[in-house]
Amino acid sequence: MRIACRISPGRKRLSKMAVTSDIVTEVRLRVQRARSVAVLTGAGVSAESGVPTFRGANGLWRSYRAEQLATPQAFARDPVLVWRWYDWRRQRIAACCPNPAHAALAALERTVPDFLLITQNVDGLHRQAGSTALVELHGNLWRVRCTAEETVQDLPAVLIDTIPPCCACGALQRPDVVWFGEPLSEAAVTRASQAAERCEVMLVVGTSLLVHPAAALPALAKRRGAYLVEVNVEPTPVTAYADAAFQQPAGIVLPRLMHSC
Ligand code: BJW
């Protein structure tokens, strides 16, 4: 199998085949030897499961405007519209299964003493694949939160009877996700930042790195001396300074990189 890859400026360039096997071997060794590994994932890691990404050709934002759906203002204006969109997405995701990329990351967790998977995804597929050292920075689509009491509840994988759903206290329930302009959980950001600061290797997988504060984590890790590996089908702002960048689907690259870990 051939993996297209780039190497960071300053690295000695080898022939394409040699670079390919060399860089795969180097990444494997770095990961095997690391005491501390952090992984940042985005929608691309679930793309091969059939979950739409946000941006790009088939991304959700192509058909829906983010500001009409993923903001607190949108929810205040039209909770029914926002809930219908989330219910539709839940139904889509309910039909999806974790793919080999999710599985490879769940397996990696079991081999690294200090491991954290930081995901921006709300689909729950990492957990379904068996990941437990996990921070869901943008929440989880399978939970609802009362807009008055802030209590959080799990949702079943069926269509919601009454849209918008209400809490026993009478207030509206909302999806337990982070919308634009809303703060992320402080505990989640602290855990993610600390993992980025101390990791020896960071894998950045399937994210466009356009949304903050998650987008700042790879640069933080790199500044603290981490070896940075990117896996994405397209270039991103990190590609230029990653130590290794694989421009192939995560479901192909990750199992290969983790093969002998
Ligand atoms: C594959 C693949 C395959 C495809 N294999 N790869 C600093 C600078 C600038 C702006 C800001 C800043 N700080 C804050 C902001 C504002 C804002 C922001 O970042 N805006 C930018 C858009 C400019 N950030 C916020 O508002 C955040 N809040 C905040 O900072 O609060 C501060 C505050 C403090 C105190 C009081 C009040 C506020 C919140 C951000 C919340 C983001 N929410 C969403 C929706 C979640 C719920 C839902 O799902 O409905 O999160 S938006 C959406 O984008 C979602 C994603 O998690 C997030 C990131 O997207 P992701 O995962 O990168 O997906 P895509 O589609 O963009 O990319 C997919 C990638 O996969 C592509 O690169 C493909 O190539 C690749 N790919 N197939 C490998 N098979």
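Quick caveat: nothing in here was measured; it's all calculated off a predicted structure. We count ligands from 1, going down the list as the structure has it; atoms in each ligand are counted the same way. No hydrogens, no waters, no symmetry mates; every other heavy atom, side chains included, goes into these values.
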Practice task
For atom 50 (O) of ligand 1, state which one of F54, Y86, W85 supplies the nearest heavy atom.
Solution key: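 Closest candidate by heavy-atom distance is Y86.
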Problem - The one among H138, R89, R55, E230 that brings a heavy atom closest to atom 49 (O) of ligand 1 - result: R89
Exercise for the section: Report whether V178 and L210 are members of the same hydrophobic cluster (ILVMFWY, side-chain heavy atoms less than 4.5 Å apart, transitive linking). Expected result: no
Exercise for the section: Treat each ILVMFWY residue as a node, draw an edge where side-chain heavy atoms are under 4.5 Å apart, and state whether L134 and V112 are in one component. Expected result: yes
For [X], the ligand 1 atoms whose distance to one of its heavy atoms is below 4.0 Å:
{"X": "G42", "answer": "62 (O)"}
{"X": "V211", "answer": "19 (O), 40 (C), 42 (C), 54 (O), 58 (C), 59 (C)"}
{"X": "E48", "answer": "3 (C), 5 (N), 80 (N)"}
{"X": "E234", "answer": "75 (O)"}
{"X": "V122", "answer": "49 (O)"}
{"X": "V177", "answer": "47 (C)"}
{"X": "A47", "answer": "78 (N)"}
{"X": "G206", "answer": "6 (N), 69 (C), 70 (C), 71 (O)"}

Exercise for the section: State which residue, out of L108, L40, V253, fulfils the side-chain contact (heavy atoms from CB on, under 4.5 Å) condition with L203. Expected result: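 The option that passes is L108.
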Practice task
Examine the proximity of ligand 1 to L141 and report which part, side chain or backbone, both or neither, has a heavy atom under 4.0 Å away.
Solution key: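 Neither; no heavy atom under 4.0 Å.
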[atom]: which protein heavy atom is closest, and how many Å away?
{"atom": "atom 29 (C) of ligand 1", "result": "E182 O, 3.3 Å"}
{"atom": "atom 21 (C) of ligand 1", "result": "L210 O, 3.4 Å"}
{"atom": "atom 73 (O) of ligand 1", "result": "N232 ND2, 3.0 Å"}
{"atom": "atom 17 (C) of ligand 1", "result": "F180 CD2, 4.0 Å"}
{"atom": "atom 59 (C) of ligand 1", "result": "Q120 OE1, 3.3 Å"}
{"atom": "atom 2 (C) of ligand 1", "result": "G44 O, 3.4 Å"}
{"atom": "atom 16 (C) of ligand 1", "result": "H212 O, 5.0 Å"}
{"atom": "atom 41 (C) of ligand 1", "result": "V178 O, 3.3 Å"}

Counting distance only, does the side-chain N/O of [X] pair as donor-acceptor with the main-chain N or O of [Y] below 3.5 Å?
{"X": "R223", "Y": "E197", "value": "no"}
{"X": "T71", "Y": "A74", "value": "yes"}
{"X": "T236", "Y": "S208", "value": "no"}

Exercise for the section: With T132 as reference, evaluate H126, E109, R127 under the side chain to side chain donor-acceptor pair (under 3.5 Å) test and give the passing residue. Expected result: E109
Do [X] and ligand 1 have an N or O pair less than 3.5 Å apart?
{"X": "G181", "result": "yes"}
{"X": "A250", "result": "yes"}
{"X": "W179", "result": "no"}
{"X": "P213", "result": "no"}

Between [X] and [Y], is any pair of side-chain heavy atoms under 4.5 Å apart?
{"X": "T239", "Y": "E234", "value": "no"}
{"X": "T111", "Y": "M258", "value": "no"}
{"X": "L172", "Y": "C167", "value": "no"}
{"X": "Q173", "Y": "L155", "value": "no"}

Exercise for the section: For atom CD of E150, decide whether the heavy atoms of other residues, nucleotides or ligands shown that lie under 6.0 angstrom number more than 12. Expected result: yes
Handout entry: Pair D243 + K222: basic N to acidic O under 4.0 Å
Key =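 Counted as a salt bridge, because a side-chain N and a carboxylate O are separated by less than 4.0 Å.
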Handout entry: R84 charged N/C atom sitting above W88 aromatic ring, 6.0 Å / 45°
Key = no
